[in-house]
Visitor: 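The structure is given below, and queries will be raised subsequently.
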Amino acid sequence: MLPRRRHELPPTAGLPLQLADLLPGAPTLAADVAAQLGTPPLQLACSGTAALLIALAALHELKPARHRVVMPAYTCPLVPLAVRQAGLEPVPCDLRPDHYDMEPHALRAACDERTLAILPTHLAGRVADVDDALAVANNVGAYVIEDAAQALGARRDGSSVGLAGDLGFFSLAAGKGLSIYEGGLLAARDPDLRERLARTAARIAKPSPSWELRRSAELLGYAALYRPHGLRLAYGNPLRRALRRGDPVAAVGDDFALPLPLHAVGRWRQAVGAHAARRLPAFIEQCGVRARRHLPRLRAIPGVAVLDDPAGAHGTWPFFFLLLRDQRHRDAALEQLWQAGYGVSRLFIHALPDYAYLDGIVPKADVPNARDFAARSLSIGNSAWLADADIDAVCGVLEAVA
Ligand SMILES: *Cc1c(COP(=O)(O)O)cnc(C)c1O
């Protein structure tokens with residue numbers, strides 16, 4: 001058994017906040033990130049999910065006869081919940097074998113004249129196949145929304161992800177890189193659509209003093225605890241408690257409930273995000289440097305595949321996403337690693353149709369590749385505190401299991 005690491009590592013690389021970030025300042029977060037990424041103006045929302053809700057509401061006004069939204073069957077459960085809250089129907093689509101992209105034939109079978117939108121998803125910072133989604137969407141007259149919640153800063157052919165489709169969104173949730181505890185950014189190339197999104201947001205996401213107070217307190221807690229000394233309290237101990245009671249869904253924070261909060265983001269949190277965003281380009285770069293250092297070692301382990309980008313794409317590296325030979329090997333590795341404090345975890349526990357609490361929201365569908373993905377995968381957080389000795393320890397376990 002691997003001894004418990006003295007200080008807990010996080011499961012994903014977040015951008016740590018500094019004391020000076022918490023001072024008041026200009027609420028320029030969305031504009032600053034747009035300038036850094038070279039995107040058209042971005043719209044701030046109170047979460048990635050809220051950004052998706054706003055996008056769906058705006059698109060549904062344009063095509064009110066269409067009610068279905070197609071997404072990978074292995075993605076964040078908040079995605080089908082947002083679709084449901086928007087009054088629409090989630091349609092899970094199976095994955096390509098051993099891959100995060102939707103399977104092209106399954107995608108074509110899932111889409112028709114009832115489809116409002118297709119959500120190619122840049123999972124784990126990897127760059128998804130948006131072109132195939134666009135081809136199908138053009139055929140059936142649907143929109144494409146890029147789910148880039150996990151991929152702020154990822155680029156393809158020189159430009160930011162989130163702009164090849166009609167819309168794209170990023171998450172600013174805790175642990176997803178740059179964070180204001182909960183937040184999201186919405187991108188759209190077309191100025192008319194951006195105006196429509198702004199009008200929709202003004203209508204359905206009004207300021208809420210009580211939510212803002214709560215999120216501000218949570219952001220202070222995040223600033224204090226997102227560091228090796230605090231993560232045991234904020235992350236490791238709750239994780240181990242949930243695992244001890246046999247609740248992996250709670251352990252990874254996969255348990256959500258409707259209704260999802262929808263409100264505007266206050267000025268102070270925007271200022272905090274703007275201060276921290278000055279360090280975003282260097283942060284993304286450093287994650288990439290660490291990834292390139294550790295990837296060869298991880299790839300050399302027999303029976304381990306590490307997800308990577310297609311040619312011409314440069315994803316971000318919030319964590320490494322590994323596929324092991326089978327569920328038995330994956331579970332044997334997690335037996336030693338999940339509770340040991342090395343930032344090893346699972347991403348989403350189930351394929352969407354297999355979450356009990358999504359019963360009645362996500363239709364029961366046969367999605368064998370997504371189920372296989374859920375059963376064989378694990379993640380290794382690529383935070384700044386991940387040292388060579390930590391990767392050595394993790395690789396030692398993976399090699400022994402292999
Ligand atoms: C986290 C996540 C979301 C939702 O973003 P929030 O900011 O947490 O609301 C959507 N899609 C994916 C793939 C995610 O990982």
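A quick note: this is a predicted structure, and the numbers were derived from the prediction, not measured. Heads up: numbering here begins at 1 and tracks the sequence. Whatever order the structure lists them in is the order used to number ligands and atoms, beginning at 1.
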Visitor: May I have every N or O pair linking ligand 1 to the protein at under 3.5 Å, one per line with atom names and distance?
Guide:
{"from": "ligand 1", "atom 1": "7 (O)", "to": "Gly48", "atom 2": "N", "distance (Å)": "2.7"}
{"from": "ligand 1", "atom 1": "7 (O)", "to": "Ser171", "atom 2": "OG", "distance (Å)": "2.6"}
{"from": "ligand 1", "atom 1": "9 (O)", "to": "Gly48", "atom 2": "N", "distance (Å)": "3.3"}
{"from": "ligand 1", "atom 1": "9 (O)", "to": "Thr49", "atom 2": "N", "distance (Å)": "2.9"}
{"from": "ligand 1", "atom 1": "9 (O)", "to": "Thr49", "atom 2": "OG1", "distance (Å)": "2.5"}
{"from": "ligand 1", "atom 1": "11 (N)", "to": "Asp147", "atom 2": "OD1", "distance (Å)": "3.3"}
{"from": "ligand 1", "atom 1": "11 (N)", "to": "Asp147", "atom 2": "OD2", "distance (Å)": "2.6"}
{"from": "ligand 1", "atom 1": "15 (O)", "to": "Gln150", "atom 2": "NE2", "distance (Å)": "2.7"}
{"from": "ligand 1", "atom 1": "15 (O)", "to": "Lys176", "atom 2": "NZ", "distance (Å)": "2.8"}

Visitor: For the pair Lys63 (side chain) and Gly141 (backbone), establish whether a donor and an acceptor sit closer than 3.5 Å, ignoring hydrogens and angles.
Guide: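 Yes.
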Visitor: Tell me, please, whether Trp317 has Arg126 positioned over its six-membered ring: NZ or CZ under 6.0 Å from the ring centre and within 45 degrees of its axis?
Guide: yes
Visitor: What pairs with Phe319 under ring-ring contact (aromatic ring centres under 6.0 Å, His included), at least two apart in sequence or on another chain?
Guide: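 For Phe319 there are no ring-ring contact (aromatic ring centres under 6.0 Å, His included) partners, ignoring immediate neighbours.
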Visitor: Any side-chain donor-acceptor pair under 3.5 Å between Ser216 and Trp268?
Guide: no
Visitor: Using the ring-ring contact (aromatic ring centres under 6.0 Å, His included) criterion, which residues pair with His60? Sequence neighbours excluded.
Guide: His67
Visitor: Under the rule for ring-ring contact (aromatic ring centres under 6.0 Å, His included), what residues qualify as partners of His329, not counting sequence neighbours?
Guide: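 Residues passing ring-ring contact (aromatic ring centres under 6.0 Å, His included) with His329: none at all.
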